[in-house]
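Source: prediction; values computed, not measured.
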Amino acid sequence: MSLQLCACAMAAIPSGWCAAHTSMRIEKKRLPFLRVGAKLCVRCCSDGSEKEENNNKKKRLSEQSSWEAKDAQGRDYLYRLGKEADNMNIAVGQRAGVIDSLFVGDFLGKDSDIVFDYRQKVTRSFQYLQGDYYIAPLFMDKVVCHIVKNYLAHLLNTKVPLILGIWGGKGQGKSFQTELIFQAMGIEPVIMSAGELESERAGEPGKLIRERYRTASQVVQNQGKMSCLMINDIDAGLGRFGNTQMTVNNQIVVGTLMNLSDNPTRVSIGQDWRESDVTNRIPIIVTGNDFSTIYAPLIRDGRMDKFYWQPNHEDIVNIVHRMYEKDGIPKDEVIKIVNTFPNQALDFYGALRSRTYDRSILKWIEDIGGIENFGKKFLKRKKDQSLPVFIPPEQTMEALVDSGYSLIKEQQLIMETKLSKEYMKNIQE
């Protein structure tokens with residue numbers, strides 16, 4: 001219950017008094033300035049009706065906000081997004097239930113952006129990996145053990161490194177073997193490349209890594225699938241070679257990965273810290289050729305578990321045999337091909353098979369009408385017009401060996417014929 005003054009009593013209060021003073025309790029000792037004869041009217045009022053009216057109205061932090069969505073704290077979603085630093089969220093305003101129904105419509109569905117789900121898809125699926133490929137047992141054991149250990153880290157009484165660094169020679173199948181393991185385990189990973197570790201804006205690559213990490217965490221939380229973050233050729237983006245310059249983004253990326261390793265469940269992308277904002281622990285796998293060029297504290301044992309991958313002769317034979325199995329080449333001939341070209345990377349044997357297609361493709365171009373008519377018939381043909389049937393070449397050991405010698409000749413020419421010395425006389429060795 002509160003006391004309110006009538007107009008005659010208000011007129012008796014000096015002008016220097018603020019309105020807040022008029023809400024105090026009316027006591028005779030506190031109002032000695034009232035004129036004689038002034039009529040002091042006091043009436044009782046109840047706040048019950050006002051509270052009922054306020055309860056009927058929705059409580060909103062911002063009267064200008066037309067959004068009805070609330071966050072976990074019960075605050076207005078637009079109000080929270082406005083407080084985030086460098087907010088680039090353009091997706092929330094395209095969802096039904098977030099914007100006013102006047103702007104949603106029913107013609108193409110409740111979402112104003114019908115390709116929202118496809119554009120926001122940053123995870124990788126492996127439907128294109130068709131066939132029975134060989135996975136080296138040693139490689140599989142290392143990758144599977146790292147992933148499982150990170151998902152069970154809260155149950156293990158030991159420190160588990162968040163990052164697995166797979167390094168080795170070029171073309172040895174580090175990325176491809178890892179993707180085969182993802183497919184076998186049903187993992188939906190988020191894959192990055194070294195080209196995303198630099199930007200014209202300072203801090204963007206570090207923020208991108210944190211966003212991708214949180215995206216992988218949302219796959220686990222929302223879809224119930226295992227996920228991980230994979231960065232290919234990390235030494236190409238973070239490594240220091242000779243007199244290469246270290247940029248601010250290089251330092252931020254290194255610091256971001258170090259911080260993720262130390263605090264894998266607390267990841268910020270610019271928003272206010274909240275106690276309920278706990279991210280799932282997501283394993284990170286990076287590949288590279290030479291980790292000695294990377295900042296040493298990042299690759300220390302507590303943060304990164306390192307694995308040197310160099311397939312032995314048996315692994316190479318089994319992988320190549322699965323590669324040529326559809327062509328009907330027996331395993332003993334595969335062994336002869338591998339022995340004919342020793343010390344070659346795995347992608348060399350894939351290039352052998354690709355080189356054997358060259359003559360068949362040239363013949364198919366002639367059948368279609370020559371190089372002059374290729375563009376017209378291939379891209380501008382009508383729906384009822386069909387192209388000549390492409391007949392793949394018959395793979396034989398002799399054709400593969402001839403292709404191998406051709407590839408080795410090109411390798412030697414690159415190493416021996418250094419035209420840069422011819423064009424720049426002052427170049428140093």
**Asked** Taking only residues at least two apart or on different chains, which pairs with a member in residues 397-421 satisfy ring-ring contact (aromatic ring centres under 6.0 Å, His included)?
**Response**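 Passing the test, one end in residues 397-421: F341-Y405.
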**Item:** Residue pairs, two or more places apart or on separate chains, that pass ring-ring contact (aromatic ring centres under 6.0 Å, His included) and touch residues 176-200
**Value:**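 Non-adjacent pairs meeting ring-ring contact (aromatic ring centres under 6.0 Å, His included): Y133-F176.
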Within this structure, what is the [atom1]-[atom2] distance for the pair [X] and [Y], rounded to the nearest 0.5 Å?
{"X": "I337", "Y": "M397", "atom1": "CD1", "atom2": "CE", "value": "5.5 Å"}
{"X": "M230", "Y": "S193", "atom1": "CE", "atom2": "OG", "value": "11.5 Å"}
{"X": "K159", "Y": "D301", "atom1": "NZ", "atom2": "CG", "value": "11.5 Å"}
{"X": "L257", "Y": "R303", "atom1": "CG", "atom2": "CZ", "value": "10.0 Å"}
{"X": "Y213", "Y": "L229", "atom1": "OH", "atom2": "CG", "value": "8.5 Å"}
{"X": "L164", "Y": "N150", "atom1": "CG", "atom2": "CG", "value": "9.0 Å"}

Please name the pair of heavy atoms, one in [X] and one in [Y], separated by the smallest distance, quoted to 0.1 Å.
{"X": "G165", "Y": "M304", "answer": "N-CG, 3.8 Å"}
{"X": "S199", "Y": "N249", "answer": "O-ND2, 3.0 Å"}
{"X": "A194", "Y": "G237", "answer": "CB-N, 3.7 Å"}

So do the side chains of [X] and [Y] get within less than 4.5 Å of each other, counting heavy atoms only?
{"X": "L208", "Y": "M192", "result": "yes"}
{"X": "L352", "Y": "Y349", "result": "yes"}
{"X": "R281", "Y": "V160", "result": "yes"}
{"X": "L400", "Y": "E333", "result": "no"}
{"X": "V267", "Y": "L260", "result": "yes"}
{"X": "L138", "Y": "D315", "result": "no"}
{"X": "I408", "Y": "Q344", "result": "yes"}
{"X": "V143", "Y": "M185", "result": "no"}

How about [atom1] on [X], more than 12 heavy atoms from neighbouring residues, nucleotides or ligands closer than 6.0 Å, or not?
{"X": "I371", "atom1": "CD1", "value": "no"}
{"X": "L362", "atom1": "CG", "value": "yes"}
{"X": "Y423", "atom1": "OH", "value": "no"}
{"X": "F378", "atom1": "CZ", "value": "no"}
{"X": "E394", "atom1": "CD", "value": "no"}

Ignoring hydrogens and angles, tell me if any N or O in the side chain of [X] forms a donor-acceptor pair with the backbone of [Y] under 3.5 Å.
{"X": "N312", "Y": "E314", "value": "yes"}
{"X": "H146", "Y": "D141", "value": "no"}
{"X": "Q177", "Y": "A136", "value": "yes"}
{"X": "K174", "Y": "G169", "value": "yes"}
{"X": "K306", "Y": "I299", "value": "yes"}
{"X": "Q412", "Y": "T417", "value": "no"}
{"X": "S261", "Y": "L162", "value": "no"}

**Prompt:** Can K149 and D305 be said to form a salt bridge (Lys or Arg N to Asp or Glu O under 4.0 Å), step by step?
**Reply:** CA-CA 12 Å; K149 278 173 62 178; D305 190 8; 5.0 Å; no
**Item:** side chain to side chain contact (heavy atoms under 4.5 Å, CB included) assessment of I316 paired with L346
**Value:** CA-CA 7 Å; I316 295 176; L346 281 171; 4.0 Å; yes
**Prompt:** Can you find a side-chain donor-acceptor pair between T256 and N259 that sits under 3.5 Å?
**Reply:**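 There is no such pair between these side chains.
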Report, one line per pair, each donor and acceptor closer than 3.5 Å where one atom sits in a side chain of residues 283-294; sequence neighbours left out.
{"residue": "T287", "atom": "OG1", "partner": "N232", "partner atom": "OD1", "Å": "3.3"}
{"residue": "T287", "atom": "OG1", "partner": "D233", "partner atom": "N", "Å": "3.1"}
{"residue": "N289", "atom": "ND2", "partner": "G168", "partner atom": "O", "Å": "3.1"}
{"residue": "D290", "atom": "OD1", "partner": "S292", "partner atom": "N", "Å": "3.1"}
{"residue": "D290", "atom": "OD1", "partner": "S292", "partner atom": "OG", "Å": "2.6"}
{"residue": "D290", "atom": "OD2", "partner": "S292", "partner atom": "OG", "Å": "3.2"}
{"residue": "T293", "atom": "OG1", "partner": "D290", "partner atom": "O", "Å": "3.0"}

**Request:** Describe, in one word, how the ring planes of W309 and F139 are oriented to each other, choosing from parallel (under 30°), tilted (30 to 60°) and perpendicular (over 60°).
**Result:**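 Perpendicular.
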**Message:** For N343, give me all partners under side chain to side chain contact (heavy atoms under 4.5 Å, CB included), at least two apart in sequence or on another chain.
**Reply:**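 N343 satisfies side chain to side chain contact (heavy atoms under 4.5 Å, CB included) with no residue once adjacent residues are dropped.
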**Request:** Taking the six-membered ring for Trp and the full ring for Phe, Tyr or His, determine whether the centres of F307 and W167 are under 6.0 Å apart.
**Result:**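 Not under 6.0 Å, so no.
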**Request:** Starting from the C-alpha separation in whole Å, work towards a yes-or-no answer on side chain to side chain contact (heavy atoms under 4.5 Å, CB included) for W364 and Y357.
**Result:** CA-CA 11 Å; W364 183 78; Y357 274 68; over 6 Å; no
**Request:** Before giving the answer on side chain to side chain contact (heavy atoms under 4.5 Å, CB included), spell out for M258 and Y295 the whole-Å C-alpha distance, their side-chain angles and the decisive distance to 0.1 Å.
**Result:** CA-CA 10 Å; M258 292 169 61; Y295 187 56; 4.1 Å; yes
**Prompt:** By salt bridge (charged side-chain N to carboxylate O under 4.0 Å, His left out), which residues pair with K376, not counting sequence neighbours?
**Reply:**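 With neighbours one apart ignored, the set is empty.
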**R240 vs N250, side chain to side chain contact (heavy atoms under 4.5 Å, CB included): CA-CA, chis, key distance, verdict** = CA-CA 10 Å; R240 303 195 67 178; N250 294 149; over 6 Å; no
**Item:** Residues forming a side-chain hydrogen bond (donor to acceptor under 3.5 Å, both in side chains) with T356, sequence neighbours excluded
**Value:**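 side-chain hydrogen bond (donor to acceptor under 3.5 Å, both in side chains) check on T356 returns Q395.
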**Request:** Flag the pair D332 and K336 as a salt bridge only when some basic side-chain nitrogen lies within less than 4.0 angstrom of an acidic carboxylate oxygen.
**Result:**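 No, D332 and K336 are not salt-bridged.
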